[in-house]
Amino acid sequence: MSDVDLRKLRYFVAVAEHLHFGRAAEQLFIAQPVLSRQIRALEEELGARLFARDRRGTALTAAGEQLLADAKPLLASAEALRRRVIRADRGADTFTVGFMPGLIVTTAVRALTDRHPGLEVDLVRTDWFDQVAVIHDGRVDVSMVRLPVDPRGLTIRPLYTEPRVVVLPADHRLASKEVLAVADLADEHLLQDPDLVPEWRALATELRTDRPGVPVFRSVEEKLEHVAAGHGIIFLPLSVMTFYTRPDITYVPVPDLAPNEVSLAWSADRPVPLAEEFAALARH
């Protein structure tokens, strides 16, 4: 068997994520017949059928499921290698920091550049879905993350904690309260994974019945739109909510929620100069 072509792997991942050859081809900016030929060629190289296609649509086979699980980290490693080579060519005087919405890195960045004149610090905004991926694929040297995250392949240093609040529509019956207990919110519909809020999960009425489906939101902005529309509630770290202040929603402190933990993370598989120093500067 010949070596697997990374380009074909990228094509495969696009189809596997969409489960639709047409939409995957649009994402990749190639013609659908070309994409189909590349997937067939990959199947021939691997000696395994990756997709099952019939009138109902496209589905991954067992081999396809396995390849998808293995292909993503392989592609991330290849991209990280490319980025590191490019950055090495630019010189060793660049340090890139990822940060989540609501997290302020200015003070630590200024302190680091004061200590290292000539150091160029780049900043990359992240979200819940890529705050760790940017480390693995080499986009950043360090990332300021909100726990929990998958710790595999990472070095993680705690920085500080901050309280969490409940986000409500401005006209909600509890919106005027100065403080709320988790028990006050037991009958509400939660627009996020209950496992992220175990205190609420233990009391939630809807988890004892048929919990309504919750869409996968790709951003805080999407969640807030649904809250404003009256579809449910969410819990957020205080700094996130203050970052997204708007008139049609409000937030109320919930002291019996565990605080959100903010940490600095970087790759455990390669040296990251200045990471420990930056962690110390960012620690409250």
Item to check | W266 and R157, any side-chain heavy atoms less than 4.5 Å apart | outcome: yes
Checklist entry - Any salt bridge between E43 and K8, counting N to O under 4.0 Å? => result no
Next on the checklist: Using the rule that Ile, Leu, Val, Met, Phe, Trp and Tyr join whenever any side-chain heavy atoms are under 4.5 Å apart, tell me whether V167 and F243 fall into a single cluster.
Outcome noted: yes
Item to check | Parallel, tilted or perpendicular: rings of F51 and F21 (30°, 60°) | outcome: perpendicular
Checklist entry - Is there a side-chain contact between F217 and I234 (heavy atoms, below 4.5 Å)? => result no
Next on the checklist: Measuring only between side-chain heavy atoms, which start at C-beta, is L112 closer than 4.5 Å to E277?
Outcome noted: yes
Item to check | Criterion side chain to side chain contact (heavy atoms under 4.5 Å, CB included) on F99 and L123, from CA distance to verdict | outcome: CA-CA 8 Å; F99 65 99; L123 300 173; 3.9 Å; yes
Checklist entry - Are the charged groups of R40 and E45 less than 4.0 angstrom apart, N to O? => result no
Checklist entry - Is the CZ atom of R152 crowded by more than 12 outside heavy atoms at less than 6.0 Å? => result no
Next on the checklist: Is the shortest side-chain heavy-atom distance between E26 and L28 below 4.5 Å?
Outcome noted: no
Item to check | Neighbour count above 12 (heavy atom, 6.0 Å) for R246 CZ | outcome: yes
Next on the checklist: Side chains of M241 and I249, heavy atoms from C-beta outward: is any pair under 4.5 Å?
Outcome noted: yes
Checklist entry - Does R173 pair with E188 as a salt bridge, N-O distance under 4.0 Å? => result yes
Next on the checklist: What I'd like to find out is whether the side chain of V121 reaches to under 4.5 Å of the side chain of V97, using heavy atoms alone.
Outcome noted: yes
